[in-house]
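Shown next, in structure tokens, is the structure this report addresses.
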Amino acid sequence: MRLRWLVAAALLPAAVPAIAHPHGRLDCQAVVQAGPAGLLSIHLTLTLDAQSSAALAPRLQLDAAGRPGNDKASRQFAELLAGMFRQSGWMLRLQPLGADGEPAAATVALADPGPALWQQAASGQLSVAVVLQPEAAAPAPAPHGWQLACLDPDWYWATGFAAAAQFSINSPCTAELHAMRSVAEHAQALQAAARQAGVAGADQAAPGLLTAPGVRSPAGVLRCPAG
């Protein structure tokens, strides 16, 4: 939670109080690599909405290669922000599926040994990309596949995969997204959950988010053939 509040402080100059729930939107993209030993890596890219990008970009001072500014403050802020977004078991959750098709309660621990790569599109939107790997040298097998979710359980970001192209795995494995849900409906559910939990800022939300167009799926299923 400390990371969340530090990022919230950076967003304070924006028009909406940073504690609003939900505050903004993150679009997720996951490209998964798997082999005979199981899941090998997840190439994760998270793209921030325009308002959050506008608030955070001046602190990052990115160059054309996606590197933060040379000053210590910019580098530290970039790592802090990337660390918040890529925490294994928080927003990105990888869970083996049981024979009944339901995900196990425990998540697969993921590590991020490489540096994060930041980019800013011509539209001004920021994205951060990392490569995640199972922490265990020999991850536990998942004969029935995995569920991979990109969902903020703290109601701060409305998240999800926009289309099948944002959720893929190498052949002969298959990737299938869960049912799509409107962004507005998801944001309204986040606000309702925050209110029920008594979270500060639950009566506020980023402008337009509760009526936003488009659809997202928060999770999908990954399966690989046996052997």
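Remember, predicted model here, so these are calculated numbers, not experimental data.
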Compare all side-chain heavy atoms of Arg223 with those of Leu97 and state whether any distance is below 4.5 angstrom. yes

Under 6.0 Å from the CD atom of Gln119, do we count more than 12 heavy atoms belonging to anything else shown? no

Which heavy atom in Ala179 sits nearest to a heavy atom in Ser217, and how many Å separate them? O-OG, 3.7 Å

4.5 Å side-chain heavy-atom contact, Cys150 and Trp157: no

Can Val215 and Val183 be said to form a side chain to side chain contact (heavy atoms under 4.5 Å, CB included), step by step? CA-CA 5 Å; Val215 294; Val183 174; 5.8 Å; no

For the backbone of Glu102 and the side chain of Asp100, can you confirm whether one donor and one acceptor N or O come within less than 3.5 Å of each other? yes

Could you give me the CA-CA distance, side-chain angles and deciding distance for His178 and Gln147, then say whether side chain to side chain contact (heavy atoms under 4.5 Å, CB included) is met? CA-CA 10 Å; His178 291 174; Gln147 176 176 283; 3.1 Å; yes

Cluster check Leu148, Met91: I/L/V/M/F/W/Y, side chain < 4.5 angstrom: yes

4.5 Å side-chain heavy-atom contact, Leu48 and Leu26: yes

Could you measure the distance from the CG atom of Asp49 to the NE2 atom of His23? Nearest 0.5 Å is fine. 6.5 Å

State, to 0.1 Å, how close Val199 and His21 come at their nearest heavy-atom pair, and which atoms those are. CG1-CE1, 3.4 Å

Can you check whether Val221 reaches Trp146 side chain to side chain, under 4.5 Å on heavy atoms? no

Gln95 side chain to Thr107 backbone, donor-acceptor under 3.5 Å: no

Stepwise, does the side chain to side chain contact (heavy atoms under 4.5 Å, CB included) test hold for Asn170 with Val32? CA-CA 7 Å; Asn170 59 291; Val32 180; 5.7 Å; no

Could you tell me the separation between the CG atom of Leu222 and the SG atom of Cys173, rounded to the nearest 0.5 Å? 8.5 Å

Is there a side-chain contact between Ile42 and Val31 (heavy atoms, below 4.5 Å)? no

Looking at Gln191 and Gln204, what are the two nearest heavy atoms and their distance? NE2-O, 3.6 Å

Which pair of heavy atoms, one from Leu209 and one from Arg25, lies closest together, and at what distance? CD1-CB, 4.4 Å

Check whether any side-chain heavy atom of Phe161 lies under 4.5 Å from a side-chain heavy atom of Asp27, and answer yes or no. no

Honestly curious: do Leu110 and Val128 fall in one hydrophobic cluster under the side-chain, below-4.5 Å linking rule? yes

Pro96 vs Val108 side-chain heavy atoms within contact, under 4.5 Å: yes

Would a 4.5 Å heavy-atom cut-off, applied to side chains only, mark Leu60 and Leu126 as touching? yes

Note: Arg216 and Met180 closest approach over all heavy atoms is C-SD, 3.5 Å

So which atom in Ala175 and which in Ser168 form the shortest heavy-atom distance, rounded to 0.1 Å? CB-CA, 4.0 Å

Do Leu62 and Val130 belong together in a cluster built from hydrophobic side chains that touch within less than 4.5 Å? yes

Heavy-atom count around Glu176 CD within 6.0 Å, excluding the residue itself: above 12? no

d(Leu46 CG, Leu92 CG) to nearest 0.5 Å is 8.0 Å

Let's go through Leu151 and His186 carefully: what are the C-alpha distance in whole Å and the side-chain angles of both, what is the deciding distance for side chain to side chain contact (heavy atoms under 4.5 Å, CB included) to 0.1 Å, and is it a yes or a no? CA-CA 10 Å; Leu151 186 66; His186 178 42; 3.6 Å; yes

